[in-house]
Amino acid sequence: MLAGNALIFEGGGVERSKAEYASHHLVADAEYTKAVPAVLTRRAGDAIGTVAWIASEGRTTGTFRGKAVDRVTAETMILRRIGHDWKIVHIHWSSAARP
């Protein structure tokens with residue numbers, strides 16, 4: 001669902017396309033997602049015409065590469081309808097260690 005020209009903000013960095021994300025963080029992000037269970041705690045969203053947004057909050061806990069993980073997470077996605085398909089055109093991920 002990721003658009004070719006998607007803009008992705010993560011950990012203070014920016015990737016400016018699907019290809020750039022795939023070459024930098026995709027594999028590590030997939031590995032992390034597979035290893036560390038996530039619980040969705042809240043989600044909201046809306047759509048106007050061909051643009052939609054989704055904001056999600058959650059918590060990840062587990063172990064990744066031998067280190068304990070306990071983080072609260074926030075994610076915002078903006079989607080655009082192109083023809084009959086919705087494509088993700090922007091993602092902003094952030095997280096913080098639980099106190």
Side-chain angles (χ1 to χ4, degrees):
M1 291 185 63
L2 197 58
N5 63 345
L7 181 64
I8 301 158
F9 293 170
E10 178 182 17
V14 179
E15 279 127 357
R16 291 176 174 81
S17 70
K18 179 179 180 177
E20 186 177 346
Y21 174 63
S23 70
H24 291 155
H25 291 109
L26 176 62
V27 172
D29 285 352
E31 183 183 348
Y32 180 88
T33 299
K34 185 177 178 181
V36 182
V39 175
L40 179 68
T41 57
R42 184 173 295 171
R43 177 170 281 158
D46 200 2
I48 300 171
T50 60
V51 177
W53 64 271
I54 300 170
S56 304
E57 299 171 59
R59 182 174 177 193
T60 57
T61 55
T63 304
F64 184 63
R65 296 182 179 165
K67 295 182 181 178
V69 173
D70 189 357
R71 301 185 72 80
V72 292
T73 61
E75 171 187 87
T76 304
M77 291 192 183
I78 299 173
L79 295 87
R80 193 172 112 208
R81 188 171 39 217
I82 302 169
H84 296 291
D85 299 322
W86 285 96
K87 295 289 184 178
I88 301 166
V89 296
H90 176 62
I91 302 172
H92 190 160
W93 285 306
S94 63
S95 67
R98 292 214 12 132

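We number each residue from 1, following the sequence as shown.
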Counting distance only, does the side-chain N/O of S17 pair as donor-acceptor with the main-chain N or O of N5 below 3.5 Å? no
For a 4.5 angstrom cut-off between non-hydrogen side-chain atoms, does L2 reach I91? yes
If you group Ile, Leu, Val, Met, Phe, Trp and Tyr by side-chain heavy-atom gaps below 4.5 Å, do I88 and W93 land in one group? yes
What I'd like to find out is whether the side chain of V14 reaches to under 4.5 Å of the side chain of L7, using heavy atoms alone. yes
Min side-chain heavy-atom separation F9-E15 under 4.5 Å: no
Could you check if a side-chain atom of R98 sits within less than 4.5 angstrom of a side-chain atom of R59, using non-hydrogen atoms only? yes
M1 and I8: same hydrophobic cluster, using ILVMFWY side-chain contacts below 4.5 Å? yes
Which is it for R65 and E31 under the side-chain contact (heavy atoms from CB on, under 4.5 Å) test, yes or no, and what are the steps along the way? CA-CA 10 Å; R65 296 182 179 165; E31 183 183 348; 3.0 Å; yes
Chi angles and distances behind the side-chain contact (heavy atoms from CB on, under 4.5 Å) call for L40, S56: CA-CA 7 Å; L40 179 68; S56 304; 3.8 Å; yes
What one should report as the nearest heavy-atom pair of L26 and A22 is CB-CA, 3.7 Å
All heavy atoms of W53 vs all of A44, minimum pair found to be CZ3-O, 3.5 Å
So do the side chains of E10 and Y21 get within less than 4.5 Å of each other, counting heavy atoms only? yes
Would you sort out whether T63 and V69 count as a side-chain contact (heavy atoms from CB on, under 4.5 Å), showing the intermediate values? CA-CA 5 Å; T63 304; V69 173; over 6 Å; no
What's the spacing between E75 CD and I54 CD1 if we round to 0.5 Å? 8.5 Å
What are the two closest heavy atoms between P37 and T61, and how far apart are they? CD-O, 3.1 Å
Student check: side-chain heavy atoms of S94 and T73 closer than 4.5 Å: no
Parallel, tilted or perpendicular for Y32 and F64, by the 30°/60° rule? perpendicular
Atom CZ of residue position R71 - does it have more than 12 heavy atoms of other residues, nucleotides or ligands inside 6.0 Å? yes
To check you understand the geometry: which heavy-atom pair defines the closest contact between A3 and K87, and what is its length? CB-CB, 4.0 Å
